[in-house]
Number of protein chains: 2
Amino acid sequence: MKPAERETGAAILAAAAELFAERGYAGTTTRALAERAGVNEVTVFRRFKNKQGVLAALAVAVNDASAGQAVAAAPDPEDTEATLRALARQEVRQTVEFGAMALRLALDARSDAEVAAVVGIGPQQTFSGLVAYLDERQHAGDLRADVDPRVMAEAFFAMTSSFVFSRQVLADATRYELSIDEASGPLFELFWNGVTAAVVPRGGDGS
Amino acid sequence: MKPAERETGAAILAAAAELFAERGYAGTTTRALAERAGVNEVTVFRRFKNKQGVLAALAVAVNDASAGQAVAAAPDPEDTEATLRALARQEVRQTVEFGAMALRLALDARSDAEVAAVVGIGPQQTFSGLVAYLDERQHAGDLRADVDPRVMAEAFFAMTSSFVFSRQVLADATRYELSIDEASGPLFELFWNGVTAAVVPRGGDGS
DNA sequence: CGTGCGTGCAAGTGCTTGCTTGCATTATGA
DNA sequence: TCATAATGCAAGCAAGCACTTGCACGCACG
């Protein structure tokens, strides 16, 4: 076999991950994909048959990559704070690594059946799983009980995804340089304080 | 003049807002735009010259629509909680109304010069403005001082945008039905509690 | 009554897209 | 040494894209 044989496929997938994140699925042309991968456009089709084939292969690769970390995330389910903190770190890591791409593809999936067929199973499971866990820890008394666990889960994912979110939406000029560790610690504390705070009686619910 | 004359432009802009939100700028074809607006494709070009012209007109319309509310938002800058709560409500409202479109267009703007030329000024100003305000209220002693105001601002926007964010990213099956008012109150409290909590000494910062 | 003006319809233009085909090149392994 | 397989290159195809042109229609206002 030619020396490049194994690298070729990986180079194409790497280029696809970059371009899907930057321009979305529909916005990524197979020509641009081949160019960034440093291969001929025909090679892309010979290796993956379709543009959709590239997406499918990429989804498999990403899935495999994150499957390894997922298990080691929960040290002790009884320790709510440690569990959530670990989950937050894992989510942030994953979000930083694949988040830009995941965000764009998730958006594309809503209007592009081709994308929806391949992506779209992951995030929902994570969300419902977290809702279930938060609900359980509420009944255990670790979390304030007066907030809907779905709202909590929403806040949790908003926190972890705010990295990729604000970094994608805000322009470069506005972005600031805080490392993952510098920002994820305080960010989790904001969430944790909010979620464990005693109920403060307020007049009129903010309407 | 014909009776439809004024409605025609508005219908096209409304259709554009929907389609840009669903499929993004590049993913929206002028044919689909005309069809949803219930007009002929040629009419789109006659009224707005370009596809980009539609985007520009839409940006102006959205800008005008949100300009009116923006002023009335801040009742008393000295009252930090009331100000942030009002800002949160306004942001959530705006996010729900235009957020899906804004999210997609902001994403498109990062790879599409055509979009970037038209969109892209709004969100950054809001962000830096909030950072400045949070910084000021920190020095006034209303907010905990041990969290970077930029992190706070990120958490704030993550909170308000989590509506549109999770509703776009998560599939329909996972979405739950909580109204804006049902969710935005608790969500703000989570943020507020996190942001005003006393510093809890912890061993080892979460690394 | 007639002149505009906003609109619809049909057709078409040039460009880009995903994807294909045929052929030459090169390195590997038997 | 020779067959095989992975790649590059040049060319092209059908479809879809933004956008244009020419013509017919009808409502409004003078």
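In what follows, every chain begins at residue 1, and chains take the letters A, B, ... in the order their sequences are listed.
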OP1 or OP2 of D:dT7 under 4.0 Å from side-chain N/O of A:Thr43: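 For A:Thr43, the contact criterion (side-chain N or O under 4.0 Å from OP1 or OP2 of D:dT7) is not met.
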Find every protein N or O atom lying less than 3.5 Å from an N or O atom of nucleotides 16-19 of chain C, and list the pairs.
unit_1 : atom_1 : unit_2  : atom_2 : d
C:dG18 : OP1    : A:Thr28 : O      : 3.1
C:dG18 : OP1    : A:Lys51 : NZ     : 3.1
C:dG18 : OP2    : A:Thr30 : N      : 2.9
C:dG18 : OP2    : A:Thr30 : OG1    : 3.2
C:dC19 : OP1    : A:Asn50 : OD1    : 3.4
C:dC19 : OP2    : A:Lys51 : N      : 2.8
C:dC19 : N4     : A:Arg31 : NH1    : 3.3

Atom pairs and distances, side-chain donor-acceptor, residues 48-62 of chain A, under 3.5 Å, sequence neighbours left out:
unit_1  : atom_1 : unit_2   : atom_2 : d
A:Lys51 : NZ     : A:Tyr25  : O      : 3.0
A:Lys51 : NZ     : A:Thr28  : O      : 2.9
A:Gln52 : NE2    : A:Glu114 : O      : 3.2

Please identify each residue that fulfils side chain to side chain contact (heavy atoms under 4.5 Å, CB included) with B:Ala34, with sequence neighbours left out.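 Checked B:Ala34 against side chain to side chain contact (heavy atoms under 4.5 Å, CB included); matches are B:Val39, B:Glu41, B:Val44.
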For A:Glu18, all residues meeting side chain to side chain contact (heavy atoms under 4.5 Å, CB included), sequence neighbours excluded: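 Expected list: A:Glu22, A:Arg36.
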In whole angstrom, what separates [X]'s [atom1] from [N]'s [atom2]?
X       : N      : atom1 : atom2 : value
B:Arg47 : D:dC19 : CZ    : P     : 17 Å
A:Glu7  : C:dA27 : CD    : P     : 15 Å
B:Glu35 : C:dT7  : CD    : P     : 19 Å

Can you name the residues that form a salt bridge (Lys or Arg N to Asp or Glu O under 4.0 Å) with B:Arg23, not counting sequence neighbours? none
Qualifying residues under salt bridge (Lys or Arg N to Asp or Glu O under 4.0 Å), relative to B:Glu35, sequence neighbours excluded: none
A:Arg46 side-chain proximity, nearest of C:dG8, C:dG6, D:dC9: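 Nearest to the side chain of A:Arg46 among the choices is D:dC9.
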Consider the side chain of B:Asn40, meaning its heavy atoms from C-beta on, and name the nucleotide among C:dC9, C:dT7, D:dT7 that approaches it most closely.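 Given the options C:dC9, C:dT7, D:dT7, the side chain of B:Asn40 is closest to C:dC9.
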Using a cut-off of 4.0 Å on non-hydrogen atoms, how would the nucleic acid contact of B:Val42 be classed: base, sugar-phosphate, or nothing? base
What pair of heavy atoms forms the shortest contact from B:Ala109 to B:Ala116, and how long is it? O-CB, 3.4 Å
